[in-house]
Amino acid sequence: MIYEKLIRRALFRTGGGNAEIAHERVLGLLAKLRVSPPALHALRRYYAVAVPTDVFGLRFPNPVGLAAGMDKDGHALPCWSALGFGFLETGTVTRLPQPGNPKPRLFRLPDSEGIINRMGFNNAGADALAETLRTTGPLDVPLGVSIGKSKATALEDAVADYRYSLRGLYPYADYFAINISSPNTPGLRVLQDRTALTELLAELQLASTELAAEHGRRRPLLVKIAPDLTDEAIAELLEVCDEHKVNGVIATNTTIERTGLAASDAYLGKEIGGLSGRPLANRAREIVSFVHRRTEGALPIIGVGGIFGAHDAERMLDAGASLVQVFTGFIYRGPGMIREINRALAERA
């Protein structure tokens with residue numbers, strides 16, 4: 001309640017209400033805290049709740065993760081784990097550093113509890129992230145790295161782009177998320193089509209086999225899918241994932257649909273970009289359920305979209321997810337939400 005009544009109110013006013021400025025300032029603060037062991041210890045003692053979960057051959061302290069996009073360049077990772085997350089996903093990172101789309105590009109829809117973004121994979125590049133992760137050192141929770149295509153890279157060269165990032169970041173990641181579903185990079189979602197996805201996954205699995213021999217452990221590969229696909233398209237994508245022994249899927253990315261918005265958010269709802277948060281909850285859960293049924297529970301799923309508390313997380317897990325991720329819910333509810341979810345999950349374990 002303190003977060004929602006005081007801290008969130010102050011954050012939402014930061015920079016004259018500019019969401020990206022507020023985001024950058026919070027990241028800056030957390031990045032400073034990461035080098036303070038006493039602060040991290042205090043946060044961990046208050047927020048951490050153990051709900052051990054094994055998925056993809058990895059042990060997760062709890063099943064609630066930080067979704068990609070919150071800390072693209074990995075500057076505050078030790079602090080995120082201290083806030084109670086059971087795993088973290090950094091990125092999406094691209095082979096080439098890129099500024100992303102023109103600003104403004106991040107919009108809050110408070111009455112709908114949603115966010116629209118058209119960030120466009122703004123990040124410092126795979127080489128810079130590798131150096132950051134090298135200097136950060138091992139974390140106390142699993143780390144996923146979301147990799148995507150550089151905007152300047154032609155679609156026909158996309159495989160090489162993904163492969164470069166995979167190779168450079170392999171020593172530091174516990175798993176990789178293959179992002180082919182962001183709506184904010186032109187043409188990216190074409191990679192969800194059977195032919196393109198087949199080529200991409202075949203090459204990445206080949207590279208992963210070589211890298212596993214070199215590093216002594218294979219990193220799971222997951223595919224992140226869009227909520228705007230039809231059931232038929234998802235079924236086809238799952239067939240390709242099965243053919244190429246993908247270890248799991250992340251369902252879902254942001255949506256280009258605008259259903260479920262409050263009337264007061266109609267104006268900002270017209271902004272171009274991907275919508276996340278409460279309006280995505282039902283569709284994300286539907287897709288998780290579809291994937292679970294279609295694969296007969298054999299393919300692990302990270303469920304993400306519209307999780308704002310314990311009830312939402314439990315419904316996502318009951319739909320078939322093995323793990324969940326949060327982003328927008330964290331912005332609206334704060335770190336106490338992570339503790340609330342994990343306490344509820346511990347009680348029902």
Side-chain angles (χ1 to χ4, degrees), residues 1-49 61-62 64-93 97 99-100 103-108 110 113 115 117 119 121-125 128-129 131-141 143-146 172 276-277 307-308 325-342:
M1 292 299 291
I2 293 177
Y3 174 87
E4 293 177 46
K5 288 185 176 181
L6 298 176
I7 300 175
R8 186 181 75 185
R9 187 172 298 176
L11 287 174
F12 280 22
R13 291 173 178 169
T14 299
N18 186 300
E20 189 167 354
I21 290 176
H23 184 93
E24 291 171 351
R25 289 185 181 175
V26 170
L27 272 182
L29 173 62
L30 295 180
K32 291 178 181 178
L33 286 177
R34 61 170 279 187
V35 296
S36 173
L40 294 178
H41 178 70
L43 289 173
R44 191 172 289 108
R45 285 194 62 184
Y46 184 76
Y47 286 110
V49 178
N62 67 65
V64 184
L66 180 71
M70 184 71 81
D71 191 356
K72 293 172 184 283
D73 294 312
H75 291 310
L77 296 176
C79 203
W80 293 118
S81 67
L83 288 172
F85 287 101
F87 65 106
L88 312 172
E89 195 171 303
T90 192
T92 293
V93 65
K103 299 177 182 179
R105 55 194 181 180
L106 187 64
F107 309 91
R108 303 187 196 97
E113 293 188 307
I115 289 176
N117 93 82
M119 303 299 287
F121 289 169
N122 56 307
N123 73 104
L129 179 59
E131 178 59 20
T132 297
L133 297 180
R134 184 189 70 80
T135 57
T136 298
L139 300 170
D140 56 0
V141 299
L143 174 67
V145 176
S146 176
Y172 312 107
S276 62
I307 294 175
F308 280 70
Q325 287 179 330
V326 300
F327 184 124
T328 305
F330 181 86
I331 292 171
Y332 281 96
R333 293 288 187 269
M337 181 186 75
I338 310 305
R339 186 177 60 167
E340 172 208 332
I341 293 172
N342 282 317

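Keep in mind that the numbers below use all heavy atoms, side chains included, and drop hydrogens, waters and symmetry copies. From a predicted model like this one, the values you see are computed outputs, not experimental measurements.
For R339 and Y46, the side-chain atoms include at least one donor-acceptor pair closer than 3.5 Å.
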Side chain to side chain contact (heavy atoms under 4.5 Å, CB included) between R34 and L77: does it pass, once the steps are laid out? CA-CA 7 Å; R34 61 170 279 187; L77 296 176; over 6 Å; no

Check the pair V145 / L129 against side chain to side chain contact (heavy atoms under 4.5 Å, CB included), numbers first and verdict last. CA-CA 10 Å; V145 176; L129 179 59; 4.1 Å; yes

For a side chain to side chain contact (heavy atoms under 4.5 Å, CB included) check, start with the C-alpha distance between Q325 and M70, then their side-chain angles and the critical distance, and finish with the verdict. CA-CA 11 Å; Q325 287 179 330; M70 184 71 81; over 6 Å; no

Stepwise, does the side chain to side chain contact (heavy atoms under 4.5 Å, CB included) test hold for T328 with F308? CA-CA 8 Å; T328 305; F308 280 70; 4.2 Å; yes

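Taking CZ of F87 as the reference point, atom CG of L143 lies at 11.0 Å (rounded to 0.5 Å). Rounding to the nearest 0.5 Å gives a distance of 9.0 Å between CD of E340 and CZ of R333. Taken to the nearest 0.5 Å, the CG atom of L43 stands 11.5 Å off from the CH2 atom of W80. Here the CG atom belonging to L6 is positioned 11.0 Å from the CG atom belonging to L11, to the nearest 0.5 angstrom. The distance from atom CD1 of I338 to atom CG of L66, rounded to the nearest 0.5 Å, is 8.0 Å. In this structure, OG in S276 is found 11.5 Å from CD in E113, a value given to the nearest 0.5 Å.
Of the possible donor and acceptor atoms, one in the side chain of T90 sits under 3.5 Å from a partner among the backbone N and O of K72. Not a single donor-acceptor pair under 3.5 Å links the side chain of S36 to the backbone N or O of L33.
Pairing each heavy atom of N62 with each of G86, the nearest pair is OD1-N, 3.1 Å. Nearest heavy-atom pair across T136 and P78 is CG2-CG, 4.0 Å. Counting all heavy atoms, side chain and backbone alike, P61 lies closest to V141 at CG-CG1, 3.9 Å. Taking each heavy atom of C79 and L40 in turn, the nearest pair found is CA-CD2, 3.7 Å. Pairing each heavy atom of P335 with each of Y3, the nearest pair is CD-CD1, 4.2 Å. Minimum interatomic distance between F85 and G65 (heavy atoms only, all atoms of both residues): CD2-C, 3.5 Å.
Remark: aromatic rings of F12 and Y332 are close, center separation under 6.0 Å.
In this structure, the side chains of D71 and L88 stay at 4.5 Å or more apart for every pair of heavy atoms.
For the side-chain contact (heavy atoms from CB on, under 4.5 Å) test, residues two or more places apart in sequence or in another chain that qualify with N123 are D73, V93, T94, Q98, F121. For Y172, the side-chain contact (heavy atoms from CB on, under 4.5 Å) criterion is met by A130, L133, R134, not counting sequence neighbours.
Applying the side-chain hydrogen bond (donor to acceptor under 3.5 Å, both in side chains) test to residues at least two apart or on different chains, the pairs with a partner in residues 15-32 are E20-R105.
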